[in-house]
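The figures that follow rest on heavy atoms only: side chains count, while hydrogens, waters and symmetry mates do not. Remember, predicted model here, so these are calculated numbers, not experimental data.
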Amino acid sequence: MRKVEIEFVSEQQYHDDRDSSKLKALGTFEVIDGKKVITYTEPDEEMGKSETVIEVINNNFIKMTRKGIYEAVFLIEEGKTHSCIYKTPFGEMNMDIVAKRVNATIPDCSGKILLCYNIESNNEIIGENNLLMKINEI
């Protein structure tokens, strides 16, 4: 298990509302059953002490599991739609993750993951998201 720093550069859009942010978190990197796995505590205070585990299934398919105040298992696979239940302190929401682009380039324990996806609920887009994660060994 290696220690890493993850820099998140995200952009979200919902209709005419656009928001962007940059955050950093410390985490770990390891290879489990041939999959690259990154684990970290969410750096966004709104998320509470949620822990996130990212499994790189392949260069175009990511599994993201979040546990804590907010819980979900997101399957983000380029060109495909996957459904999930997103649990929040306010209740549960059924969502679809429509992945437009997924590119994971992590040759060792440093690299990048790019996720471009829409979140839909009841066949309506509730968010367009672009997330770049830069992973660096420390």
So which of Ile38, Ile54, Ile97 actually passes side chain to side chain contact (heavy atoms under 4.5 Å, CB included) with Met64? Ile54

Find out whether Ile76 and His82 are in side-chain contact, i.e. whether some heavy atom of one side chain is under 4.5 Å from a heavy atom of the other. no

Flag the pair Pro89 / Ile69 as yes when at least one side-chain heavy-atom distance between them is below 4.5 Å, and no otherwise. yes

Tyr14 and Ile119: same hydrophobic cluster, using ILVMFWY side-chain contacts below 4.5 Å? yes

side-chain hydrogen bond (donor to acceptor under 3.5 Å, both in side chains): which pairs involve residues 105-114, sequence neighbours left out? Arg2-Asp108, Asn103-Thr105

Please report, to 0.1 Å, the donor-acceptor pairs under 3.5 Å made by any side chain of residues 17-31, with sequence neighbours excluded.
residue, atom, partner, partner atom, Å
Arg18, NH1, Glu11, OE2, 2.8
Arg18, NH2, Gln13, OE1, 2.4
Ser21, OG, Ser10, OG, 2.8

Residue pairs meeting salt bridge (charged side-chain N to carboxylate O under 4.0 Å, His left out), one or both in residues 74-99, sequence neighbours left out, come to Glu77-Lys80

How close do Ala104 and Val56 get, heavy atom to heavy atom, and via which atoms? CB-CG1, 3.8 Å

Are Ile6 and Val9 linked, directly or through intermediate hydrophobic residues, by side-chain heavy-atom contacts shorter than 4.5 Å (ILVMFWY only)? no

Check: Glu42/Thr52 side-chain N/O donor and acceptor closer than 3.5 Å: yes

Nearest 0.5 Å, what's the OH-CD distance between Tyr86 and Glu71? 10.5 Å

To the closest 0.5 Å, what do you measure between CG (Asn58) and NZ (Lys36)? 11.0 Å

Checking one residue: Val37. Which other hydrophobic residues are in its cluster under the side-chain 4.5 Å linking rule? Ile32, Val53

Answer yes or no: does atom NZ of Lys3 have more than 12 heavy-atom neighbours from other residues, nucleotides or ligands under 6.0 Å? no

When hydrophobic residues are tied together by side-chain contacts of less than 4.5 Å, even through go-betweens, does Ile106 share a cluster with Met1? no

Let me check something: any side-chain donor-acceptor pairs from residues 121-135 under 3.5 Å, sequence neighbours excluded? List them with distances.
residue, atom, partner, partner atom, Å
Ser121, OG, Asn94, O, 3.2

Nearest non-hydrogen partners of Val4 and Glu137, listed with the distance: CG1-CA, 4.0 Å

Please give me the minimum heavy-atom distance between Ala99 and Tyr117, naming the atom from each residue. CA-CB, 3.9 Å

Say you draw a straight line from OG of Ser50 to NZ of Lys67; how long is it, rounded to the nearest 0.5 Å? 12.0 Å

Between OH of Tyr40 and CD of Glu5, what distance do you get to the nearest 0.5 Å? 13.5 Å

What residues join Val98 in its hydrophobic cluster, counting side-chain heavy atom gaps under 4.5 Å, either direct or through other members? none

Quick one: OG1 on Thr81 to CG on Leu75, what's the gap to the nearest 0.5 Å? 11.5 Å

Side-chain touch Met93/Thr88, heavy atoms, less than 4.5 angstrom: no

